[in-house]
Amino acid sequence: MKQGILFAILLSVLACTKQEPKEELPTTAFPLKLENLEENRPMSAAMKRAFNNYEAPRLLDNELYSNFRYTQLEGLDYHGGDGTISRRDPSKIIFENGKYYVWYTYRNTPVAPRGFEKANDTIPSTDWDLAEIWYATSEDGFTWEEQGVAVPRPKKPMRGHRSVATADILKWKDSYYLYYQAFDAPSGKYNPEKDAYDICPVAMSKASSPDGPWEPIDKVVVPFGESDAWDWRVIHDPNPLVHDGKVYLYYKSGLDVRDANRKFWDVWGLVVADNPEGPFVKHPLSPVTNSGHETMIFPFREGVAALIGTDGIEHYTIQYAKDWVNFEIASVSQLFPTAAGVYCPDSFTDSKNADGITWGLSHFINAGNDWGNMYSILGRFDCDLSLSVDDPSLKQSNLLYPNDLYFSRGLSEDQKTRIKERIKNNK
Ligand code: AAL
């Protein structure tokens with residue numbers, strides 16, 4: 001018994017001596033001016049994070065922080081907003097032949113999307129069903145002139161005969177490549193074999209000029225994962241960039257069951273190839289983000305930056321991966337562009353000091369505020385995520401939104417009932 005007690009005491013003494021030494025508390029107050037901060041000053045967890053985890057502790061000094069300004073575009077017609085014409089999911093923007101080019105999902109159908117049950121050869125299931133890839137050019141980035149179709153729906157049985165959507169562009173040597181989602185069935189159709197709704201491989205087309213003609217390359221460019229892998233069901237939103245002489249292509253897929261309750265988890269992976277047509281090899285650390293439905297990724301300094309928009313634990317963060325793989329949060333922002341295409345002059349230059357971005361095009365999916373006749377529009381966003389621009393107004397974070405915006409997010413009837421019930425039960 002005595003021995004037992006002694007052993008217990010010994011164990012607890014050992015446990016105490018094993019404890020991490022306590023960090024000493026500072027004896028002076030935190031300085032007013034950062035220039036007076038001593039190098040190894042002990043700090044609270046939050047202040048340590050401010051210095052160690054972000055691009056810079058103050059937003060004004062943070063090259064990877066920005067708020068966003070929005071401008072409506074001139075020149076694109078939406079048929080009075082009746083839901084029959086939609087433009088969404090813009091590509092990166094490139095500057096060629098003295099003008100800007102953008103590609104996007106274009107839907108022109110007799111009616112707005114009606115859901116999978118009602119879809120047929122002319123009625124679209126979703127906003128990106130029965131779509132083609134169109135393109136527009138602009139001299140100033142505000143007024144756009146639609147040039148027409150770049151990639152039409154190919155004939156059956158070629159991939160994408162039901163719809164081609166969500167394109168992105170790569171310029172490689174003297175050729176141009178469009179990567180896009182190629183649907184063979186109406187989007188939203190449940191596929192029991194894959195237990196998923198939006199199955200489509202990434203296909204591609206090639207041209208020697210951004211004005212086409214585009215020649216389809218009928219193959220699955222980014223391989224689906226094995227049946228027990230995170231990306232076996234869905235490969236969406238391909239985004240090709242050039243790094244270290246190779247094509248780095250980021251794409252979205254989802255963990256867990258992609259069921260009607262949206263219990264899945266959108267994350268992004270990376271594939272790398274020596275040439276635009278592949279073969280693309282998955283980076284073994286994929287997924288490389290833990291969030292982001294529509295993530296916008298662009299070269300920055302020697303690495304790559306990501307605007308993680310909606311969805312996920314790190315939504316509305318701007319992140320940076322120095323090695324193009326391991327993303328860290330650089331800042332937290334708000335009112336992000338959605339599924340945007342960025343104008344990044346260094347997308348394909350393989351620069352080791354990429355300047356970043358100052359603008360791009362975003363889509364707005366509830367353009368008519370009427371889900372029964374939904375369509376999407378393209379709009380411009382501006383920001384300061386560029387080393388060569390310094391715009392303090394874009395580094396502010398205390399943005400004022402109209403009161404109506406808050407009150408438009410009212411309680412549902414179910415929520416009101418729950419609140420009443422809790423009052424009744426004194427909760
Ligand atoms: C988009 C993208 C992909 C999805 C759908 C159309 O915003 O994430 O393209 O499949 O929604």
Side-chain angles (χ1 to χ4, degrees), residues 85-92 102-107 109 112-113 115-116 119 124-134 150-151 153 159-160 162-169 178-191 194 196-204 220-222 224 230-240 249-255 258-260 262 264-269 287 289 291-297 306-312 315 336-342 360-367 371 374-379 381:
I85 294 187
S86 188
R87 295 181 185 85
R88 57 177 291 142
D89 288 299
S91 71
K92 282 190 277 292
V102 69
W103 290 261
Y104 45 86
T105 305
Y106 175 82
R107 176 178 60 75
T109 46
F116 168 64
S125 61
T126 60
D127 198 25
W128 54 94
D129 187 27
L130 293 174
E132 298 181 319
I133 315 279
W134 280 42
V151 181
R153 284 195 277 147
R159 287 185 178 79
R162 173 72 195 189
S163 194
V164 284
T166 318
D168 207 355
I169 184 84
L178 282 171
Y179 297 77
Y180 44 85
Q181 297 180 195
F183 289 90
D184 291 345
S187 138
K189 181 178 175 181
Y190 183 67
N191 180 324
K194 284 226 165 189
Y197 288 81
D198 251 14
I199 310 289
C200 61
V202 170
M204 68 194 292
V220 177
V221 187
V222 182
F224 287 94
W230 72 285
D231 59 351
W232 84 289
R233 297 181 178 92
V234 165
I235 308 269
H236 284 175
D237 301 74
N239 176 358
L249 187 148
Y250 296 86
Y251 64 96
K252 179 183 74 194
S253 190
L255 292 157
R258 196 167 261 268
D259 64 8
R262 294 179 66 87
F264 57 87
W265 176 14
D266 275 344
V267 290
W268 285 62
T289 76
S291 303
H293 181 73
E294 289 131 333
T295 296
M296 298 137 265
I297 302 179
L307 300 182
I308 308 266
T310 53
D311 290 353
H315 67 278
F336 273 43
T338 309
V342 300
L361 298 181
S362 169
H363 75 197
F364 297 81
I365 62 171
N366 52 344
W371 288 113
M374 90 151 294
Y375 70 104
S376 307
I377 59 168
L378 301 180
F381 75 88

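Order of listing sets the numbers, starting from 1, for every ligand and every atom in it.
Atoms of ligand 1 lying under 4.0 Å from any heavy atom of D237, numbered from 1 in the order shown and given with element: 2 (C), 3 (C), 8 (O). Taking every heavy atom of D89 and a limit of under 4.0 angstrom, the matching atoms of ligand 1 come to 1 (C), 2 (C), 6 (C), 7 (O), 9 (O).
The single protein non-hydrogen atom nearest to atom 10 (O) of ligand 1 is Q181 NE2, 3.1 Å, given as residue, atom name and distance. Looking only at heavy atoms of the protein, atom 7 (O) of ligand 1 is closest to E294 OE2, 2.5 Å. The nearest protein atom to atom 9 (O) of ligand 1, hydrogens excluded, is given as T166 OG1, 2.6 Å; this is a heavy-atom distance.
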Requested in this report: Apply side chain to side chain contact (heavy atoms under 4.5 Å, CB included) to Q181 and H236, showing your working.
Outcome: CA-CA 6 Å; Q181 297 180 195; H236 284 175; 3.2 Å; yes
Query raised in the report: Would I365 and W371 satisfy side chain to side chain contact (heavy atoms under 4.5 Å, CB included), going step by step from the backbone distance to the final call?
Result: CA-CA 9 Å; I365 62 171; W371 288 113; 4.1 Å; yes
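Counting only non-hydrogen atoms, the option in Y180, W128, F183 that gets closest to atom 5 (C) of ligand 1 is W128. The nearest non-hydrogen atom to atom 8 (O) of ligand 1, considering only H236, K252, R88, comes from K252.
Judged by distance alone, with hydrogens and angles left aside, the side-chain atoms of K92 form a donor-acceptor pair with the main-chain N or O of P240 at under 3.5 Å.
Residue contacts with ligand 1 for T126 are absent, since no atom lies close enough (heavy atoms, distance under 4.0 Å).
Classified by interplanar angle (parallel below 30°, tilted 30° to 60°, perpendicular above 60°), the ring pair W230/Y251 is parallel.
Note that the CG atom of L361 and the CD1 atom of I377 stand 11.5 Å from one another [nearest 0.5 Å].
Side-chain contact of S163 with W128: a donor-acceptor pair under 3.5 Å is absent, judged by distance alone.
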